[in-house]
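All remarks here apply to the structure that follows.
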Amino acid sequence: MQVVIVESPAKAKTINKYLGPDYEVIASYGHVRDLPSKDGSVDPDADFRMLWEVDPKAQKRLNEIAQAVKKADGLILATDPDREGEAISWHVLEILKDKKALKDQKVERVVFNAITKQAVLDAMRAPRAIDVALVDAYLARRALDYLVGFTLSPVLWRKLPGARSAGRVQSVALRLVCDREREIETFVAREYWSIVAQLATPRGDAFEARLSGADGKKITRLSVGTADEAAAFRAALNAADFTVASVEAKPMRRHPQPPFTTSTLQQEASRKLGLAPARTMQLAQRLYEGVDVGGETVGLITYMRTDGVDMAPEAVAATRRAIGAQFGERYLPGVPRKYTTKAKNAQEAHEAIRPTDPSRTPASVARHLDPEQARLYDLIWTRTVASQMESAELERTTADIRAHAGGRALELTATGTVVKFDGFLTLYREGRDDEDEDEEGRRLPAMSAGEALARRDIVTTQHFTEPPPRYSEASLVKRMEELGIGRPSTYAAVLAVLRDREYVKLEKKRLVPEDKGRLVTAFLQSFFTRYVEYDFTADLEEKLDQISADEIDWKQVLRDFWSDFTLAVEATKDLRVSQVLDALDEMLTAHIFPPATDGSNPRTCPTCSTGRLSLKMGKFGAFIGCSNYPECRYTRPLSGGEGSPEGDGVRRLGTDPATGLEVTLRDGRFGAYLQLGEAENGEKPKRSSLPKGLAPADVDLETALALLSLPRPIGTHPEDGQQILAGIGRFGPYIQHGKVYANLDKGDDVLTIGLNRAVVLLAEKQSKGGRGAASAGRALGDHPSGGSITVRAGRFGPYVNHGKVNATLPKSMDPDSLTLEQAIGLIDAKAATMPAAKGKAKGKTAAASGDGEAKPASRAKSKAAPKAKAASKTTAKAKTSSAKSPGAKAKGAKAAG
C-alpha cells in the first residue's frame with residue numbers, strides 16, 4: 001500500500017479513483033503548520049531559525065496521515081506543482097519525521113499539471129525528490145514577510161494610531177493606488193480643440209477627416225488650445241477647396257494572445273466577467289480539482305497558478321484538431337504557435353492555464369457547472385483555442401487631404417480599418433481596461449489622388465485633458481506584474497488584504513484609497529522610503545527567484561536585507577509624533593486641503609477664522625483640527641465632510657421624524673457608529689455600528705434611520721412561514737430564521753437583501769452545519785420504531801441521525817452509498833450505549849454536540865478544560881527547526897506578500 005498526500009479532499013477523491021486499491025490518497029487540507037503570530041518566530045540572532053506551530057485543526061489529520069504511513073510501503077507527496085505545493089510536502093515530511101512515522105518507507109515527490117487519469121498516471125511513473133531550492137525560496141519569502149510584518153507593524157501602531165499593518169508586497173501595492181490618487185488630485189486640466197471636416201467624394205459618399213497640419217507645421221492633439229484658434233481654423237476651412245493628395249492602403253495582421261497565465265486570467269476575468277481576483281482563483285481551483293462530468297470526476301483545466309504561456313505538444317495538437325473540426329482549415333495556421341513569457345521575473349516554467357481536453361466545449365460541460373464556473377471555463381477555453389488560430393487580416397487605409405484657403409495650406413487626414421479575414425477574432429477579443437476610440441470597422445469610401453471633395457460641414461469641439469484613471473483590480477494586477485512586484489499567485493491575496501483592512505475600497509470597479517491607507521503610505525514613504533520603492537521590491541523578488549533556481553544562498557539574502565532594515569527601524573525610535581504629523585501633513589496636502597472653489601485659503605479655520613488647520617492625531621486616528629485649540633475646538637475628518645465646531649467627534653445628521661430625537665454619527669473606540677437621542681434616566685440610547693464598506697462620510701439621515709431601525713423583517717420563509725430578519729451584530733451583518741443565523745457575504749447589503757437571497761444563504765448555512773444549523777442531510781427512510789433517519793455532513797465527519805441519536809459513520813462507509821439497513825444498525829448500536837435518562841455518551845464513545853452532529857467525546861471534553869491547560873499544551877506542541885522552516889500565512893500583524 002502506498003500513501004499519497006494531496007491538499008484537498010476533492011482532489012484526493014478524484015485521484016483515489018484513478019490509482020485504485022493499492023493506493024490510499026489522503027488530504028492535508030492545505031498548509032499544516034505556520035509561524036506563530038508572535039515575536040521570535042523568526043530569530044535573526046540565531047541565523048534566522050524558525051519556530052513552527054502545527055495548526056490545531058490539522059493535528060487530527062496529521063495523526064491519521066502518520067498512522068497510515070506507518071503501515072504503508074511508501075509515501076508519495078503529490079501536492080501542487082509550485083513553491084507553495086513544494087513547501088506543503090516539505091512540512092508534512094518534517095512532521096512525519098518528528099512523529100517517527102517513517103522507517104524504511106520510500107519517500108517520493110510527484111507533480112502533475114492537470115487532474116486527469118493520464119496526467120496522474122504519467123506523474124506516478126516519474127517521481128523525484130523534494131526540490132530543496134524551491135523550499136529554500138519559500139522559506140526566504142516566508143521569513144521576509146514575517147520580519148517585515150512583525151517589525152514594521154508595531155512601529156505603525158506606536159507612531160500612527162489606527163493603522164492596521166504593513167507588509168513587504170502589500171504596502172507597495174497600496175503605494176501604487178495612493179500614487180495614482182495623488183496624480184489625480186494634483187492634475188491640472190488643459191483645454192484643447194479638435195477640428196473635423198465632414199467631406200464627401202464626387203459620388204456622394206461621406207466621411208470625416210481631422211486637421212493634421214497647417215502652414216507646414218504638424219497639428220497634434222493639444223496644438224489648438226483656445227476657442228479663438230479653433231475659430232480661425234474653422235473660418236479658413238469653410239473658405240477652402242479640398243483635394244485628395246494621396247490614398248494608401250496597407251495590409252495588417254493581428255495575432256492572437258497567448259493562453260492564460262494566472263495574472264492574465266485574473267485581469268480578463270475582472271474585465272469580462274466582473275470577478276474579483278480572489279473569486280477567479282476560487283472558481284479556477286474548483287475547475288482544476290475536478291467536477292463530475294457524465295459520471296466521471298475529471299479536472300477541466302490545468303494548474304491555475306503559473307507564469308508559463310506555452311502548452312504541451314499533445315495539448316497543442318488536440319487544440320488544433322478542435323479548431324479544424326469547428327472552424328475549418330482556413331482558421332488553422334500552417335504550423336503550431338509557440339509562445340514565450342514576457343513577464344518580468346517569471347518563475348517556474350509551468351504550462352499555461354488551458355482546458356485539459358479541448359473537445360470538452362463550454363456548451364457540453366455547462367450543465368455540470370454552476371453559472372460562474374461555466375463562464376470562467378468558457379473564457380479559458382475560448383482564449384486557449386483562439387491562441388492556436390490563424391491571425392486576423394486587416395486593411396488600414398489612410399487618405400491625405402489638402403485644403404487651400406487663400407494663401408494658407410492646410411492638411412487633413414482620414415483613416416479607416418476594415419477586417420478582411422477575421423481569423424481568431426471570430427472567437428475571441430481581449431478586453432481593455434480603458435477603451436480608446438477604435439477605428440476597426442470604419443471603412444473609407446473609394447477615392448483617388450487628385451479628386452476634388454465637397455465640404456459638408458466643419459465641426460470644432462472643445463475638450464479638456466483628463467487625469468489618469470484609477471486602477472481597477474485588473475489594471476493594478478497588470479501594473480504589479482509589469483514592475484515585477486509580488487507574484488501572480490499572491491495578487492488576489494494582496495488585494496483582499498488591502499480591502500479587508502480598509503486601506504482601499506472599490507467604487508464603480510475602481511480602487512480608491514481610504515484615508516487610513518493614505519496615512520500608512522505617506523508614513524512609509526516618509527520614513528521607510530526604500531522599502532516601498534518599486535525597484536527595491538522587484539529586485540528582492542528577483543533574488544527570491546534566484547534562490548529557487550539554486551543560484552544564491554537564501555540565508556545570505558535574509559542577512560543582507562535584515563542588516564539594512566533594522567537600521568531603518570532603529571532610526572524611527574526617537575521619532576516624535578509631531579514630526580510624523582508634519583511630514584504627513586505636507587505629503588497629503590492635496591488630499592486633505594484641496595483648493596477652495598472661492599479661492600480662499602483652505603487651511604483657514606471656518607469657526608474662529610484666525611486658526612490654521614492641520615493634521616492632528618487622536619486615540620481613534622487622524623483628523624483635521626485648529627491651531628487655536630483649546631480655545632477653538634473645530635475638527636473634521638481627513639477627506640473633507642462636515643466639521644464639528646465643538647470638536648466632540650459628533651456629526652449631526654438630522655432629526656428622526658418618528659420620535660423627534662436627534663440622529664448623530666459618532667467616533668467610538670471600535671470605529672464610527674450611529675446614535676438616536678441621548679441617554680435618559682439611566683437608559684442607553686439606541687445605537688448601530690456601520691456595515692463594513694460604508695464610509696462615515698457617505699452616511700446621510702436616510703441611511704442612518706434605516707440602520708437604526710434594524711433588525712428589519714425581510715419576509716416569511718417559504719417552508720415554515722416564520723419571519724426572516726436582517727440585522728447587524730457583533731460579527732457584522734446577518735440574517736436570522738428562528739435559531740439559525742447566517743452572515744451576509746461581501747456583496748450583500750443588510751438594508752436591501754431580499755427574500756430569495758436570504759433563503760439561499762440560510763440553506764447554505766444549514767448545509768454546512770454550525771450555530772443552530774445542523775445539516776438537513778439526505779433522508780434514508782424511517783426507523784422501525786418510527787421517525788426518519790438522515791445521513792448528514794458534520795464538522796467531524798459524516799454521521800446518521802434519528803431523533804436525538806447521532807452515530808458517526810466508520811471510515812469504511814461511504815455516506816453517498818449508505819443504505820437504510822446500515823444506518824439502522826449504527827443507530828441501534830449507538831442508542832444501546834446511551835443512558836435512558838440523559839442520553840450522554842460515556843467513555844470514548846461519540847457525544848452529541850450542541851449543533852446536532854456526532855463529536856468525539858474526548859474533543860467534547862477538551863472544550864471544558866481550563867484555558868491555561870490548553871495554552872500549555874499548545875506551547876508544548878510548538879517545535880523548532882534549525883535551518884529550514886515557514887508555513888502559510890502569519891496572523892495578526894502579518895501582511896500579505
Side-chain angles (χ1 to χ4, degrees), residues 183-184 187-252 254 394-420 425 429 431-470 508 510:
E183 286 182 68
I184 295 170
F187 180 82
V188 178
R190 180 176 169 183
E191 180 185 9
Y192 69 98
W193 291 73
S194 60
I195 294 98
V196 176
Q198 296 179 354
L199 307 173
T201 67
R203 290 157 294 282
D205 298 322
F207 66 98
E208 291 184 349
R210 290 180 178 272
L211 182 67
S212 58
D215 305 318
K217 294 181 180 179
K218 188 175 182 181
I219 300 290
T220 62
R221 187 172 72 110
L222 301 178
S223 294
V224 183
T226 66
D228 291 342
E229 288 178 283
F233 279 120
R234 181 177 181 178
L237 290 169
N238 273 323
D241 296 321
F242 296 86
T243 307
V244 178
S246 65
V247 179
E248 183 181 22
K250 284 186 178 180
M252 298 169 56
R254 183 176 298 176
L394 303 92
E395 184 177 81
R396 180 182 175 87
T397 303
T398 302
D400 292 328
I401 298 161
R402 298 275 165 77
H404 298 279
R408 298 196 71 180
L410 304 176
E411 299 171 4
L412 298 92
T413 304
T415 58
T417 304
V418 294
V419 177
K420 308 293 280 186
L425 294 177
R429 291 174 187 251
R432 289 186 287 184
D433 296 305
D434 303 295
E435 297 290 345
D436 298 319
E437 185 178 348
D438 195 351
E439 293 178 349
E440 190 174 300
R442 186 198 299 167
R443 183 189 293 270
L444 286 181
M447 64 184 86
S448 57
E451 279 190 328
L453 301 171
R455 180 185 67 254
R456 296 271 178 93
D457 196 8
I458 306 299
V459 179
T460 59
T461 308
Q462 183 187 37
H463 307 274
F464 290 92
T465 55
E466 296 182 352
R470 287 172 172 147
K508 298 178 181 178
R510 296 284 172 171

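Heads up: numbering here begins at 1 and tracks the sequence.
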Problem set entry | Pairing residues for Ala235 by the side chain to side chain contact (heavy atoms under 4.5 Å, CB included) criterion, not counting sequence neighbours | none
Problem set entry | Minimum heavy-atom distance Ala209-Ala414, with the two atoms named | CB-CB, 4.0 Å
Seminar exercise, completed: Separation between CD1 (Ile401) and CG (Leu211), nearest 0.5 Å, reads 11.5 Å
Exercise. Among all residues two or more places apart in sequence or in another chain, which pass the side chain to side chain donor-acceptor pair (under 3.5 Å) test with Asp215?
Worked result: Arg408
Exercise. Side chain to side chain donor-acceptor pair (under 3.5 Å): which pairs involve residues 224-235, sequence neighbours left out?
Worked result: Thr226-Glu229
Problem set entry | Partner residues of Thr397 under the side chain to side chain contact (heavy atoms under 4.5 Å, CB included) criterion, sequence neighbours left out | Val247, Ala249, Glu395, Leu444
Exercise. Hey, what do you get for OG (Ser246) to CZ (Arg402), rounding to the nearest 0.5 Å?
Worked result: 7.0 Å
Problem set entry | Reported OG1-to-CD distance for the pair Thr465 and Glu191, which is rounded to 0.5 angstrom | 10.0 Å
Exercise. If we only count heavy atoms from C-beta on, is the Val224 to Ile219 side-chain gap below 4.5 Å?
Worked result: yes
For this session: Could you pull out the closest heavy-atom pair between Ala405 and Ala240, with the gap in Å?
Result: CB-CB, 3.8 Å
For this session: Would you sort out whether Val459 and Ile195 count as a side chain to side chain contact (heavy atoms under 4.5 Å, CB included), showing the intermediate values?
Result: CA-CA 6 Å; Val459 179; Ile195 294 98; over 6 Å; no
Exercise. Rounded to the nearest 0.5 Å, how far does CD of Glu466 lie from CZ of Arg190?
Worked result: 15.0 Å
For this session: Kindly state each residue pair satisfying side chain to side chain donor-acceptor pair (under 3.5 Å) with at least one member in residues 199-208, sequence neighbours excluded.
Result: Arg203-Glu451
For this session: Enumerate the residue pairs fulfilling ring pair (Phe, Tyr, Trp, His ring centres under 6.0 Å) with a member in residues 189-248, sequence neighbours excluded, ordered by first and then second residue.
Result: Tyr192-His463
Problem set entry | Leu199 side, atom CG; Arg455 side, atom CZ - distance, nearest 0.5 Å | 9.0 Å
For this session: Supply the atom-to-atom distance Thr243 OG1 to Asp400 CG, rounded to the nearest 0.5 angstrom.
Result: 12.5 Å
Problem set entry | Any side-chain heavy-atom pair of Arg210 and Ser194 under 4.5 Å | yes
Exercise. Does Arg396 use its side chain to pair, donor to acceptor, with the backbone of Thr417 at less than 3.5 Å?
Worked result: no
